[in-house]
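The basis for the numbers below is simple: all heavy atoms, side chains too, and nothing from hydrogens, waters or symmetry mates. A note on names: the letters A, B, ... follow the listed sequences, proteins ahead of strands, and every chain is numbered from 1.
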Protein chains: 2
Amino acid sequence: MTRRPNSGNPLGADAEGRPVRRALTREYIIRIALAMLDRDGVEGLSMRKLGAELGVNPMAFYHHLPNKSALFDGVVEAVFGEVTVGLDTLNREDSWREQLVALMCQFRTVLRQHPNVLLVLATRPSYAPSLMAFGDRTIGLLRDVGFTEHDLLIMISSLRSYTIGQLLVEVGQPVGGPTTAPDEAAALISHYPNLAKAVAGGYDPDAHYELTLQAMLDGFEQRLRRSKS
Amino acid sequence: MTRRPNSGNPLGADAEGRPVRRALTREYIIRIALAMLDRDGVEGLSMRKLGAELGVNPMAFYHHLPNKSALFDGVVEAVFGEVTVGLDTLNREDSWREQLVALMCQFRTVLRQHPNVLLVLATRPSYAPSLMAFGDRTIGLLRDVGFTEHDLLIMISSLRSYTIGQLLVEVGQPVGGPTTAPDEAAALISHYPNLAKAVAGGYDPDAHYELTLQAMLDGFEQRLRRSKS
DNA sequence: ACCTGAACACCGTTCAAGT
DNA sequence: ACCTGAACACCGTTCAAGT
C-alpha cells in the first residue's frame, strides 16, 4: 500500500536539509499536509506520518485542528487560495469570452498542479473566500453579457464540473489503490473498431480542454441569442 | 469515523434475514462489495467488514482476488455493466441528437444510483467490456453525422468528464470525511452579491444536466458546420 | 482447492499526564 | 496553552496451518 518511498528531506526542513522546528500553527500544518498530499497522494497522508515529517508527536495537531477532516478542509482552502493569484491581471478590454477562457485556464492550471488533491476538491463543499471571489467575478462578467440568473448558475457550475471531471481522468490518482494488468486489457480495444479508430489519433489534453470549453461557450451563446430574439 | 450504523440484515442474507451461506466466488464477493459501498461509502468498505457481512474470514477473499484494489476494479466493471442495460431499446430512427441524449442520460442515471462509487469510477482506468461497448456505440453514432476522428475522441471524453464531474458535486461523498461547520459559512455568501443573486433562484440537477448537454452538442454541431463550409 | 487464526505493520482518536 | 505516551478500536496483508 506504500506508494512512494518517502525519500529525501522531510518536508519540514530547509534547503540544506536542516530540520526547521518552528512553532506549530494551523497554517503551517496545512501547508506541509498539502506538500505531503502532492507527494504521496490521499492515501499516503496520515496524521502519524505528518507528525514524523514535522518531527512532532501526531497528537500535537489536535490542538490546532479538531480532526483529519478539518485538515482536508484547510488544504482545499489553500489550493483554492492559489486560484486568485493573477486574477487582477485580467484585461478588462478583452471580450467576455477571452476573459472567461483566461479565468478557466487559470483555474485549471492551478488545480492541475495538485493532482492528488483533485478528488478532495471535487467532493468537499467549500466556502473558501478565494473560491467565492472567483465565482463572483465570473458571474459578474457573464451577467453583463446578458445571461439570465438561471443560466448563470448553470454555466459556472457546468464549467467547474467539466474542468474538474476532465482533470480527474487526465491526472487523477485511482481511488482504492493502483489498477493492475492493463497489458492484455489494452489489446481488447481492437474488438471495438469505432473506439480503436478514434483513439488512434492521439490526444492533447490542453487542446482538448480548450476546444470543449469553446464549444460549451458557443452553445451557451447560441442559447442567449435565441432567448433574445 | 463510522459513517452509518450498519443496521439491518447483513448483505449476505435473504429477504427474511436468514444468512445465505453460498460458495464464495469472485462475482458474489464483488456484488456484495458494491452493495456495501452503496450503503457505507468508500471509507466504510473494508475487507474485514466485508468478511463479517458474509460470515466468512476476511482472508478467504484472497483466494478469489489478489488484493483490495482488484475488488475495486471488479466493482467498477459491475457498475459499468449496468450501463449497457437497455442500450438496445434505442430507436434508430430518432435523430442522432435524440439518441445521444438518451445514451448519456442512461449513463448518468445508472451512475447516479451509486453515489459512493463515483470517485472510483472517475479515477480508475477501466477496460470493462460494457464501457468499451458503450463508447464504441456512441462514437459510431457520431461518426455517421460527419465528425472527424479527432473531434469524436474529444466529444465522448468531454461528455463523460462533464457527466461524472457534475454527478460528483451533485451526489458525491466528500473525500476525507464529512465537512464541518457550514452554518456560518453559508451566511458568507452575502459578501458576494453576484454569486448570491445567481444562487437564490434554486437549482434542478436533471434540468441543469440536460441544458448543458444540449449546449455542448450545439457547440460541437456548430463546429461541424463551420468545418464543412 | 479453499478456508482459518495468529501475527505484523499500519491507521485516527481519546485520555490522562506532563510542562 | 501546548505537547507527549500509552491505549483502544480499527486497517490490509503475509504466512503457516488446517481440511
*Identify, between A/His63 and A/Pro58, the residue whose nearest nucleotide on DNA chain C lies closer to the 5' end.*
A/Pro58
*Would you mind listing every ring-ring contact (aromatic ring centres under 6.0 Å, His included) that reaches into residues 35-56 of chain A, with sequence neighbours excluded?*
none
*Judged by atom type as modelled, is there a donor-acceptor pair below 3.5 Å linking the side chain of B/Glu43 to the main-chain atoms of B/Gly176?*
yes
_Spacing between B/Ile29 atom CD1 and C/dC2 atom P, to the nearest angstrom_ = 11 Å
_Identified side-chain contact (heavy atoms from CB on, under 4.5 Å) counterpart of A/Leu100 within the set A/Leu159, A/Leu90, A/Ile156_ = A/Leu159
*Which nucleotide, D/dT4, C/dG12, D/dG12, lies nearest any side-chain atom of A/Lys68?*
C/dG12
*In dot-bracket notation, what is the pairing pattern of DNA chain D, taking Watson-Crick (N1-N3 plus N6-O4 or O6-N4) and G-U wobble (N1-O2 and O6-N3) contacts under 3.5 Å, with [ ] crossing and | for other strands?*
||.|||||...|||||.||
*According to a strict under-4.0 Å criterion, is A/Lys49 in side-chain N/O contact with OP1 or OP2 of C/dC11?*
yes
*Would you give the length of the straight line joining atom OG of B/Ser161 to atom CG of A/Leu167, rounded to the nearest 0.5 angstrom?*
9.0 Å
*Euclidean distance, atom CE of residue B/Met59 to atom P of C/dA6 [Å, nearest integer]*: 12 Å
_Check this one for me: any side-chain N or O of B/His64 less than 4.0 Å away from OP1 or OP2 of C/dC3?_
yes
*Nearest nucleotide by nearest heavy atom, which residue falls closer to the 5' end of DNA chain D, A/Leu24 or B/Arg48?*
A/Leu24
*Within this structure, what is the CZ-to-C1' distance between B/Phe61 and C/dC2, rounded to whole angstrom?*
13 Å
*Over how many whole Å does the gap from B/Leu65 atom CG to D/dT13 atom P extend?*
11 Å
_Quick test of your reading: applying salt bridge (Lys or Arg N to Asp or Glu O under 4.0 Å), list the pairs with at least one residue in residues 158-177 of chain B, sequence neighbours left out, ordered by first then second residue._
B/Arg108-B/Glu170, B/Arg112-B/Glu170
